[in-house]
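It should be emphasised that the depicted structure is a prediction, and the values quoted were computed from it without experimental measurement.
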Amino acid sequence: MKQRAKSKEKKEPIAKSMKQRAKGIKLYALCFLFSAFSLLFAIYGCATTSAIKESTEVDETPVITGIDIQDYTATIKVNKPFSYTLYRPDDPYKVVVELLDVRAGSFNMKIISDKAGITEIAPYQVESPSLLTRLEILLQMPSEAEPEYRDNELKIKLKTKEVFKEEVPKQETIKVAETKEAEEPLTAESEEITLPKATEITDISYERSADKLNMIIKGNGSFEPAVFSLDDRIVIDITDIVSSVQPPKEVVTPIKAIRIGKYDGNTRMIVDLKEKIDFDISTIRDSIILALTIPEAERIKEEKGEAKEEAEIPLQGKYTGKNISLDFQDADIVPIFRLLADISGYNIVVSPEVKGKLTMKLINVPWDQALDIILKTFSLGKSIEGNIIRIAPHTIFAKESEEAVKAKEAEMKAIPLETKIFPISYADVATVEKAIKDAKILSSRGSISTDKRTSSLTIYDVA
């Protein structure tokens with residue numbers, strides 16, 4: 001019994017020690033799990049904060065939220081105030097709108113339009129050298145574009161001549177004669193071939209003779225046009241047809257311009273003339289032939305070799321750049337100069353000293369006039385060398401001019417002097433000497449002396 005009691009006494013301290021060790025292990029494990037949880041929470045919290053911060057920064061940039069196309073109107077909606085510029089490239093069937101510091105958002109594909117006046121809108125997001133979204137608007141006909149900005153919306157309205165909206169005066173409609181082709185003799189086989197009615201205009205071209213200009217409109221079948229004349233323009237209406245071609249960019253006398261549009265379900269072609277002239281119109285199989293009489297004055301010019309169009313001579317001080325529209329609110333002027341470079345085709349170099357912000361709204365003004373207005377506003381000057389425009393403060397150009405004069409003077413001082421003797425005949429050397437001094441021909445280092453005995457002048461100066 002004593003031995004069992006002793007054995008029990010020995011086991012109790014061991015059991016107690018084991019319990020304490022197990023308790024310590026549990027505490028250690030709990031501390032470890034708590035530390036790990038705290039670390040994960042800190043990492044997740046930082047990541048969440050960073051993500052929120054990044055999301056906030058992205059949201060600060062204006063984004064396009066809608067592009068709506070209606071007849072002769074396109075509306076661009078942005079979620080915040082923005083600046084824009086509108087200009088016309090060389091293509092008369094295109095208008096370009098640039099939204100500064102605006103992202104395209106979900107609008108990254110061409111938008112095809114079935115509305116009058118607009119064929120499609122192609123958005124492009126540009127990241128460098130500065131963020132902007134460029135919208136290229138393809139027109140159905142050359143039109144004037146008028147921008148209107150209000151409440152974070154830019155509305156582009158197209159303006160065409162009212163002739164597209166005029167009803168065809170039935171009493172003035174010209175009957176179009178159908179003509180047989182003279183070059184191809186008719187046979188029984190050819191008489192049986194009948195072309196279907198055209199559904200598409202496929203080509204527009206010219207043929208010139210001594211006193212006539214033929215405008216040829218081709219299609220994928222026969223035509224039944226309605227034609228009428230309005231002063232200095234000819235209007236051709238064709239029902240149930242579409243045009244897959246653009247009018248020729250180069251026009252030939254006596255044509256001034258050709259426009260194609262839609263009116264009341266018809267395709268309407270308008271031929272603008274330089275003056276009211278006589279014309280004939282006929283159809284031959286798959287073609288409409290508009291024969292225009294060339295005015296006598298133009299024929300006389302051609303006979304004298306003066307048939308080329310006289311280019312308009314710009315008056316001194318007149319601005320000749322492309323018309324653009326600008327609307328900026330507290331915008332940095334340096335990106336504006338970059339934009340004018342893209343529009344004008346000039347390379348523009350801006351001095352580091354050029355800084356400032358600008359608020360302006362200009363509608364349909366030449367780009368070179370817009371540039372001069374900005375330069376005058378900020379007391380800046382420009383110099384043009386070839387196709388490079390350099391922009392800097394007036395003080396910079398003045399300092400450069402002074403340094404150029406000093407450099408020229410230093411160069412003159414470095415040139416060695418030469419002595420030359422000029423004999424004078426049939427004149428008094430003193431009179432010649434006075435004339436040279438009055439004309440200030442000599443440099444600042446030059447000198448002149450006379451010798452009456454030999455009637456000669458001695459000049460000591462640079463070559």
Side-chain angles (χ1 to χ4, degrees), residues 51-70 72-89 91 94-113 115 117-139 144-158 322-344 348 350 354-365 367 370-371 373-374:
I52 292 171
K53 185 178 180 182
E54 184 179 352
S55 175
T56 303
E57 290 176 355
V58 171
D59 290 341
E60 289 177 356
T61 305
V63 179
I64 296 176
T65 57
I67 298 178
D68 180 44
I69 303 175
Q70 297 298 328
Y72 304 102
T73 305
T75 304
I76 299 101
K77 302 177 182 179
V78 180
N79 64 343
K80 293 184 179 182
F82 63 95
S83 299
Y84 75 92
T85 182
L86 178 148
Y87 62 93
R88 303 294 297 269
D91 188 348
K94 186 181 289 186
V95 172
V96 178
V97 180
E98 291 188 348
L99 312 182
L100 306 181
D101 297 320
V102 175
R103 294 193 176 276
S106 60
F107 296 91
N108 51 17
M109 301 286 287
K110 281 185 180 180
I111 304 171
I112 306 300
S113 167
K115 302 297 183 180
I118 298 175
T119 301
E120 65 179 39
I121 298 179
Y124 302 95
Q125 182 169 302
V126 180
E127 298 289 347
S128 179
S130 60
L131 175 66
L132 62 87
T133 295
R134 180 180 292 117
L135 301 173
E136 295 184 358
I137 305 175
L138 189 62
L139 309 178
E144 290 295 328
E146 289 192 357
E148 181 182 312
Y149 177 83
R150 183 180 297 173
D151 298 331
N152 304 340
E153 288 187 7
L154 176 63
K155 185 173 289 187
I156 310 296
K157 296 181 178 179
L158 303 180
K322 298 176 187 175
N323 282 10
I324 61 173
S325 298
L326 301 172
D327 191 347
F328 296 106
Q329 297 178 0
D330 199 29
D332 190 2
I333 61 173
V334 175
I336 299 176
F337 290 135
R338 182 197 64 78
L339 178 63
L340 293 176
D342 292 339
I343 296 170
S344 65
I348 294 184
V350 182
V354 175
K355 295 176 182 177
K357 291 186 178 293
L358 176 69
T359 297
M360 66 184 298
K361 183 172 183 178
L362 300 175
I363 305 296
N364 287 333
V365 299
W367 71 263
L371 175 61
I373 290 172
I374 297 172

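- Side-chain contact between Leu99 and Leu154 is present, with at least one heavy-atom pair separated by less than 4.5 Å.
- The main-chain N or O of Ser325 is found under 3.5 Å from a side-chain atom of Thr85 such that the two form a donor-acceptor pair.
- The line from NZ of Lys115 to OH of Tyr72 is 12.5 Å long, rounded to the nearest 0.5 Å.
- A side-chain donor-acceptor contact under 3.5 Å links Thr359 to the backbone of Asp330.
- Side-chain contact check for Glu98 versus Tyr87: some heavy-atom pair is nearer than 4.5 Å.
- Asn79 and Pro62 get closest at one heavy-atom pair: OD1-CA, 3.4 Å.
- Using a cutoff of 4.0 Å between basic side-chain nitrogens and carboxylate oxygens, Glu120 and Lys94 are not scored as salt-bridged.
- For the atom pair CG (Asn152) and OG1 (Thr65), the distance works out to 8.5 Å, reported to the nearest 0.5 Å.
- Residues Ile67 and Leu135 have side chains in contact (heavy-atom distance under 4.5 Å, counting atoms from C-beta outward).
- For Arg103 against Thr61, the heavy-atom pair with the smallest separation is CG-CG2, 3.7 Å.
- Atom NZ of Lys357 has more than 12 heavy atoms from other residues, nucleotides or ligands within 6.0 Å.
- Checking each of Ile156, Leu158, Leu138 against Ile118 for a side chain to side chain contact (heavy atoms under 4.5 Å, CB included) leaves exactly one that passes, namely Leu158.
- Two residues are said to be in side-chain contact when any heavy atoms from C-beta on lie closer than 4.5 Å; Val102 and Tyr84 fail this criterion.
- Looking at heavy atoms from C-beta onward, Leu100 lies in side-chain contact with Phe328 at the 4.5 angstrom threshold.
- To the nearest 0.5 Å, the span separating CE on Met360 from CG on Leu326 amounts to 5.5 Å.
- Residues meeting the side chain to side chain donor-acceptor pair (under 3.5 Å) test with Glu148, sequence neighbours left out: Lys157.
- Atom CD1 of Ile76 is separated from atom CZ of Phe82 by 7.0 Å, given to the nearest 0.5 angstrom.
- Taking the side chain as every heavy atom from C-beta outward, Ile324 and Leu340 approach each other to under 4.5 Å.
- Contact check for Val354 versus Phe337: side-chain heavy atoms found under the 4.5 Å cut-off.
- Listed here is the closest heavy atom pair of Ile363 and Pro147: CD1-CG, 3.8 Å.
- Contact record, Arg134 with Leu132: N-CD1, 3.9 Å, taken as the closest heavy-atom pair.
- Glu144 and Asn364 get closest at one heavy-atom pair: OE1-ND2, 4.4 Å.
- Among all heavy-atom pairs drawn from Leu362 and Ala370, the shortest one is CD1-CB, 3.9 Å.
- Contact annotation: the side chain of Ser83 never approaches that of Tyr149 to less than 4.5 Å [non-hydrogen atoms, C-beta and beyond].
- Atoms CD and CG, from Glu60 and Asp101 in turn, are 12.5 Å apart once rounded to the nearest 0.5 Å.
- The CG atom of Leu358 sits 9.5 Å away from atom CG of Asp332, with the distance rounded to the nearest 0.5 Å.
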